[in-house]
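Have a look at the structure below, then the notes.
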Amino acid sequence: MNASTSPTPPAHFIRTRIARELAQGLHERVITRFPPEPNGYLHIGHAKSIVLNFAMAAEFGGYTNLRFDDTNPEREEQRFIDSIKQDVAWLGYQWENECYASDYFETLYAYALHLIEHGLAYIDEQDAETIRQQRGTLTEPGRNSPFRERPIEENRDLFLRMRAGEFTDGAMVLRAKIDMAAANINLRDPVLYRIRREHHQRTGDDWCIYPSYDFAHGQSDAIEHITHSLCTLEFEDHRPLYDWLIEHLPVPSRPVQIEFSRLNMDFTVMSKRRLTRLVDEGFVAGWDDPRMPSIAGLRRRGFTPESIRNFCTEIGVTKSESIIPFGVLERNLRDDLNVRAPRRMAVLKPLKVVLTNFPEGQTEWVEVANHPQDSAMGTRRVPITREIFIEQDDFMEEAPKKFFRLKPGGEVRLRNAFIIRCDDLVRNGDGEIIELRCSFDESSRSGLPGAERKVKGTIHWVSAEHAVGAEVRLYDRLFNVPHPAGDKELDFVEHLNPESLEILSDARLEPGLEQARIGEFFQFERLGYFVPDPDATPQRPVFNRAVTLRDTWARLEAQMSAGS
RNA sequence: UGGGACGUCGCCAAGCUGGUUAAGGCACGGGGUUUUGAUCCCCGCAUUCGCAGGUUCGAGUCCUGCCGUCCCAGCCA
């Protein structure tokens with residue numbers, strides 16, 4: 001491990017428990033695993049699990065395996081394995097071993113035989129529907145299968161032949177012989193092996209029988225000497241089965257399962273099934289669409305591994321269900337980038353301004369700090385000319401009293417330059433303002449004594465002649481309700497926010513930004529944090545807004561309009 | 001109605017075997033600094049721990065009962 005997080009990680013029940021166990025000498029070190037099924041991309045919810053697993057192992061002197069739970073070839077694909085590895089590595093974690101449940105198929109098969117030989121498993125020839133009916137309900141016990149008392153030798157023979165491919169898919173299954181009357185339905189003779197003629201991405205056609213999750217997971221943990229098998233709450237009911245199998249099998253170690261609550265966030269969906277639908281049905285551009293809560297999407301959007309790790313640490317680990325506001329993740333990004341991102345100026349929606357007393361054809365270069373609080377980040381030179389662009393939002397013809405930006409007859413400071421006064425407006429045939437004519441105060445240049453003069457507002461700008469045209473993509477929440485998946489009546493896609501993506505095709509960037517590479521990030525002053533998008537070409541820069549700056553003014557504005 | 005789990009400030013979340021005034025973060029409110037209405041810095045922010053009883057000198061922490069929420073009846077994971 002390597003990824004550093006907060007200095008003092010908050011206490012949580014798993015950390016506390018492990019620390020106590022170590023103190024008691026129950027383990028020498030902690031070995032964990034992150035066990036994704038390769039049937040989709042990783043999302044922010046997985047990040048919580050990844051951070052937890054790697055943190056526990058790292059803090060207690062062990063390591064973490066990356067293990068693919070590939071027991072169902074029907075839905076698993078190599079491309080998902082590749083993306084998962086990329087995402088875990090990008091988050092900043094290095095796994096000790098790359099493992100696959102499928103690597104243990106032979107051992108698992110031997111374990112199954114062991115169960116059979118000890119009279120603890122049997123071959124059931126009933127179909128799925130019959131087994132389901134016999135299982136009983138939440139309130140009624142199940143009934144024994146007519147095959148439950150099949151002699152050991154016969155079970156053995158049938159299982160051997162199952163593997164040999166003598167039977168058709170679904171013809172029979174191997175079931176654990178536990179208790180059909182158990183209150184816990186997982187203990188009502190759960191299926192351990194099923195026949196499935198499906199090509200496996202790793203074992204090819206070697207097998208036509210595949211172990212179920214319950215049979216594969218705990219035993220894989222034991223084989224890898226995992227000390228703590230951390231999983232989410234929905235597996236709590238499986239723990240008795242997990243323990244039963246470990247207890248009755250000649251496994252090399254005895255792992256324990258500990259459950260914690262999964263991550264939920266508002267205004268998004270987190271289940272792999274729903275995310276897959278968004279991709280497959282074209283509601284988003286792909287798994288790496290910047291609006292997706294997938295790791296790939298967040299990465300493309302501009303989130304940093306640090307911000308995601310800090311977020312996962314900050315939200316804590318408990319057994320209580322919670323819904324974290326999406327804004328918490330965004331704030332973690334701001335906190336990270338505020339310190340590290342070089343500042344630049346960019347105008348998203350340009351409004352032309354002519355500085356009437358600025359010499360025509362002249363270019364002045366102003367020295368600008370790359371970071372207002374961190375002089376180590378150096379300075380750069382930015383050109384200013386007679387014609388510049390400012391943000392359309394930074395001018396109002398009829399402005400409210402608290403509007404500190406430019407208005408007719410008003411003054412404002414051009415960031416890093418000088419104070420200007422708006423003298424005139426130029427309109428087009430439709431009466432729209434298409435240009436401002438301003439004069440600047442020579443004595444108020446940055447660095448001169450007159451720069452001390454205070455004006456209410458400071459706005460950013462870019463030299464018209466030098467500006468780089470670019471496309472800028474702004475993102476808003478993917479859904480317009482807090483809990484899109486929680487609607488009983490409406491399909492969650494009905495809650496998709498039609499305005500989640502806004503493309504600005506006429507943005508003007510400070511020169512130099514066209515050189516930006518994937519992986520770099522910037523604060524466009526007063527606007528937010530932006531990163532180059534892979535869609536960019538040498539001729540056409542494309543930037544994504546990862547997150548806005550905190551905007552107290554927008555909040556006030558909203559309050560004012562709501563109050564009036 | 002069976003089993004498993006959870007319920008501490010608007011959102012997260014500490015709180016071990018019961019013992020002074022119920023951590024911390026975020027959000028929020030107020031003030032200060034500021035050529036980003038950003039950042040940063042101060043200050044404020046639960047007589048109360050789902051509810052009701054009980055045990056105790058003393059309970060968020062123990063007991064009883066109730067209420068609410070989530071998960072489980074795939075040959076998915």
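Letters go in sequence order (proteins before strands), and every chain restarts at 1.
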field: Under 3.5 Å on both distances, the Watson-Crick or G-U partner of B:G19
entry: B:C57

message: Please pick, from B:C75, B:A77, B:U35, the nucleotide with the shortest atom-to-atom distance to any side-chain atom of A:Tyr213.
response: B:A77

message: With a cut-off of less than 4.0 Å, is there a side-chain N or O of A:Arg196 near OP1 or OP2 of B:C76?
response: yes

Integer angstrom distance from the C1' of B:A59 to that of B:G25: 27 Å

query: Hey, which of these two, A:His217 or A:Arg415, hits RNA chain B nearer its 5' end, going by closest nucleotide?
result: A:Arg415

query: Between A:Ser444 and B:U35, is there a side-chain N or O to OP1/OP2 distance below 4.0 Å?
result: no

- line: Contacts of A:Ile324 and A:Lys456 projected onto RNA chain B by closest heavy atom; the upstream (5') one is A:Ile324

message: Is the terminal nitrogen or CZ of A:Arg415 (NZ for Lys, CZ for Arg) located under 6.0 angstrom from the six-membered ring centre of A:Trp461 and within 45° of that ring's axis?
response: no

message: As a test of understanding, state which of A:Tyr210, A:Phe167, A:Tyr122, A:Phe159 forms a ring-ring contact (aromatic ring centres under 6.0 Å, His included) with A:Tyr193.
response: A:Phe159

query: Is it the case that A:Arg344 places NZ or CZ above or below the six-membered ring of A:Phe522, under 6.0 angstrom from the centre and within 45 degrees of the axis?
result: no

task: Would you indicate, yes or no, if B:A5 has its OP1 or OP2 atom less than 4.0 angstrom from a side-chain nitrogen or oxygen of A:Arg239?
output: no

- prompt: Do A:Arg405 and A:Glu391 sit within salt-bridge range, that is, some charged N less than 4.0 Å from a carboxylate O?
  reply: no

query: What does B:G65 pair with, Watson-Crick or G-U, if both distances are under 3.5 Å?
result: B:C51

Spacing of the C1' atoms in B:U56 and B:C62 (rounded, Å): 10 Å

